[in-house]
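Encoded as structure tokens, the structure appears first; notes follow it.
In what follows, every heavy atom counts, from backbone to side chain, and hydrogens, waters and symmetry copies are set aside. Please read all numbers here as calculations on a predicted model, not as lab measurements.
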Amino acid sequence: MKILMVNKFLYPNGGSETYIFKIGEQLEKTGHEVQYFGMEHPERVVGNRVGSYTSSMDFHTGKLQKLMYPFKIIYSLEARRKIRKVLDDFCPDIVHLNNFNFQLTPSILYEIRRFDKKNKKKTGILYTAHDYQWICPNHRMQIPETGELCSRCMDGKYGNCTKYKCIHNSKVKSLLGTVEAGLYRRLGTYRLVDAILCPSRFMEKMLEGNPALRGRTVMMHNFMDGAAQTGEGKTGDYVLYFGRYSEEKGIRTLAKVCRMLPDIPFVCAGSGPLEAELKAVPNIRLKGFLKGRGLQELIENARFVVFPSEWYENCPFSVMEAQRYGTPVLASRLGGTPELIREGVTGELFEAGNAEEFKQKIGRLWQQEELCREYASNCRCLPFDGLEEYCRKLLKLYGKLC
């Protein structure tokens with residue numbers, strides 16, 4: 001089978017990139033042909049045979065030609081032209097879409113269907129929903145300025161995005177997001193996609209709220225890359241947080257709670273805008289951004305991991321990764337995260353943003369080493385598919401869409 005993997009970033013940048021690289025590598029191992037389409041970038045690590053990519057766009061910094069900016073993020077003639085070259089050369093059976101709004105734009109969907117009409121064929125289109133972009137213009141279902149969780153746009157009232165300046169706290173960018181969401185909803189553009197892969201039941205429930213998406217969703221939790229470890233005998237002399245240091249990840253709440261528990265040592269690995277707030281807490285050690293074996297050892301040697309996110313996480317790899325290495329997780333009860341933790345078996349949950357409950361649960365787990373060992377031991381029975389099984393299921397889904 002020939003699979004074209006589409007994602008705006010084609011270099012290691014986050015969860016969606018980890019997802020497409022791992023899947024692509026596994027599919028190639030089993031004899032399938034995989035190519036990639038997205039933006040050009042100096043750190044790009046995958047690509048396509050004809051070397052066709054869109055020019056790099058950064059929606060955050062505004063380093064764009066101001067005149068063309070509004071048009072290029074809503075509808076991209078360049079993206080259509082560039083993906084056309086790949087389609088004509090590769091003739092994929094499946095186009096597997098990931099993050100593509102704004103930088104690549106939904107205009108590529110029309111090009112795929114134009115290609116089908118021209119060649120009298122049917123290309124299956126699958127979209128993996130890594131965030132809430134198709135029902136919320138800022139993709140997080142959260143108002144950035146206040147942190148309030150929000151579902152105001154779910155029924156198509158995208159003007160709320162502009163009203164609350166939901167995209168980078170900018171009226172102009174939020175207006176563009178409003179226009180983009182409204183345009184493609186009115187055109188029914190997303191009906192061109194055959195199926196939507198939801199990595200959590202929570203994501204599926206949210207997307208099913210849009211009539212244009214209803215009935216085409218498929219729920220499959222993300223894969224666990226590698227065999228689970230038991231964590232038996234784990235003692236651990238610190239509590240670990242690893243990930244981005246940002247508001248929506250609950251970092252302010254974490255810093256507050258760490259100050260309330262001065263006798264418990266905390267370790268944080270990652271980077272982000274709130275790093276200074278963590279650095280100011282005496283019982284937090286910052287380890288910087290880690291990956292590979294260095295991060296694995298840090299996770300394995302922690303007594304437990306905390307995941308205090310305060311937005312609707314989808315299917316966070318970090319929660320799965322911690323348990324894979326035999327380390328229990330204490331996480332906020334929000335979004336798709338609770339689906340990944342067997343409460344009272346491999347970890348525990350608390351109300352997002354509730355510093356008092358968070359503090360109490362950290363304190364109790366820290367004092368009850370035997371309970372942590374029990375949770376760690378239970379991590380050997382995680383209910384997640386490995387990469388190979390996940391790709392087998394994915395191929396069956398591909399086959400139904402061709």
Side-chain angles (χ1 to χ4, degrees), residues 15 19 128-132 135-136 139-142 147-151 154 196-209 217-225 228 231 239-244 246-251 253-254 257 299 302-365 368 371-372 374-385 390:
Y19 177 84
T128 294
H130 297 280
D131 57 35
Y132 305 94
I135 55 172
C136 169
H139 77 260
R140 279 217 316 254
M141 297 183 68
Q142 186 178 47
E148 176 193 347
L149 296 173
C150 173
S151 58
M154 282 186 63
I196 303 159
L197 188 57
C198 301
S200 67
R201 287 185 289 275
F202 181 84
M203 171 66 78
E204 183 174 43
K205 178 183 175 183
M206 293 297 102
L207 294 187
E208 287 275 354
T217 59
V218 179
M219 203 293 290
M220 282 171 52
H221 284 130
N222 286 332
F223 55 87
M224 185 172 67
D225 187 20
V239 177
L240 174 65
Y241 170 84
F242 65 100
R244 182 165 169 75
S246 55
E247 185 86 36
E248 75 277 4
K249 292 293 186 180
I251 294 302
T253 301
L254 176 61
V257 167
I299 297 170
R303 187 169 302 183
F304 58 93
V305 163
V306 291
F307 188 80
S309 187
E310 294 175 7
W311 77 289
Y312 293 128
E313 297 276 357
N314 182 10
C315 183
F317 274 110
S318 54
V319 172
M320 298 173 72
E321 189 173 12
Q323 294 175 99
R324 175 200 164 192
Y325 293 133
T327 302
V329 179
L330 170 60
S332 53
R333 189 183 287 104
L334 201 62
T337 303
E339 300 171 29
L340 307 179
I341 297 170
R342 296 163 64 198
E343 191 170 12
V345 179
T346 64
E348 297 189 5
L349 300 168
F350 70 97
E351 181 187 3
N354 187 329
E356 184 58 34
E357 185 185 8
F358 190 25
K359 183 198 80 169
Q360 289 176 2
K361 292 214 169 184
I362 289 177
R364 186 173 68 87
L365 283 174
Q368 297 186 29
L371 181 60
C372 284
E374 180 185 334
Y375 288 170
S377 178
N378 290 337
C379 286
R380 68 181 179 275
C381 300
L382 297 175
F384 311 128
D385 288 329
Y390 184 91

Y132 vs M203, side-chain contact (heavy atoms from CB on, under 4.5 Å): CA-CA, chis, key distance, verdict: CA-CA 8 Å; Y132 305 94; M203 171 66 78; 3.6 Å; yes

Apply side-chain contact (heavy atoms from CB on, under 4.5 Å) to the pair L371 and R364, showing each step before the final yes or no. CA-CA 10 Å; L371 181 60; R364 186 173 68 87; 3.5 Å; yes

Applying side-chain contact (heavy atoms from CB on, under 4.5 Å) to L334 and L149, what does each step give before you reach the verdict? CA-CA 10 Å; L334 201 62; L149 296 173; 3.8 Å; yes

List the steps and the verdict of side-chain contact (heavy atoms from CB on, under 4.5 Å) for K249 and W311. CA-CA 7 Å; K249 292 293 186 180; W311 77 289; 4.1 Å; yes

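Interatomic distance, CG of L197 versus NE2 of H130, reported as 8.5 Å (0.5 Å rounding). With rounding to the nearest 0.5 Å, the separation of CD1 in I362 from CD in E348 is 11.0 Å. To the nearest 0.5 Å, atoms CD1 (I341) and OH (Y375) are separated by 11.0 Å. Atoms CZ and CD, from F350 and Q360 in turn, are 12.0 Å apart once rounded to the nearest 0.5 Å. Interatomic distance, CD of E343 versus CZ of R333, reported as 5.0 Å (0.5 Å rounding). A distance of 13.0 Å separates CE of M219 from CG of L207, quoted to the nearest 0.5 Å.
Heavy-atom minimum distance, V257 versus A355: CG2-O, 3.5 Å. Residues A352 and S309 come closest through the heavy atom pair CB-O, 3.9 Å. Taking every heavy atom of both residues into account, S246 and E248 meet most closely at OG-OE2, 3.0 Å. The two residues P308 and S332 make their nearest non-hydrogen contact at C-OG, 3.7 Å. Between F307 and P316 the shortest heavy-atom distance is CZ-CB, 3.7 Å. Residue C379 comes nearest to G326 through the heavy atom pair CB-CA, 3.9 Å, listed as atom of the first residue, atom of the second, then distance.
For the 3.5 Å distance criterion, the side chains of T337 and E313 fail to qualify, holding no donor opposite an acceptor. In the model, N378 has no side-chain atom that pairs as donor or acceptor with a side-chain atom of T346 under 3.5 Å.
The backbone N or O of L340 lies less than 3.5 Å from a partner atom in the side chain of Q323, making a donor-acceptor pair. Between the R324 side chain and the D225 main chain, a donor and an acceptor come within less than 3.5 Å of each other. Remark: the backbone N or O of S200 is not paired with any side-chain donor or acceptor of E339 at under 3.5 angstrom. The backbone N or O of C381 sits less than 3.5 Å from a side-chain atom of R342, completing a donor-acceptor pair. Without hydrogens or angle criteria, T327 side chain to I299 main chain gives a donor-acceptor distance under 3.5 Å. In this structure, the side chain of Y241 does not engage the main chain of L254 through any donor-acceptor pair within 3.5 Å. In this structure a side-chain-to-backbone donor-acceptor pair under 3.5 Å is present from N222 to C315. In terms of modelled atom types and a separation under 3.5 Å, the side chain of T253 and the main chain of G353 share no donor-acceptor contact.
A salt bridge does not link K205 with E208: every distance from a Lys NZ or Arg NE/NH1/NH2 to an Asp or Glu carboxylate oxygen is 4.0 Å or more.
Aromatic ring orientation, Y312 versus F202: tilted (interplanar angle from 30° to 60°). Using bins of under 30°, 30° to 60° and over 60° for the plane-to-plane angle, the ring pair H221/F384 lands in the perpendicular bin.
Side chains of C136 and M154 form no contact here, defined as non-hydrogen atoms less than 4.5 Å apart.
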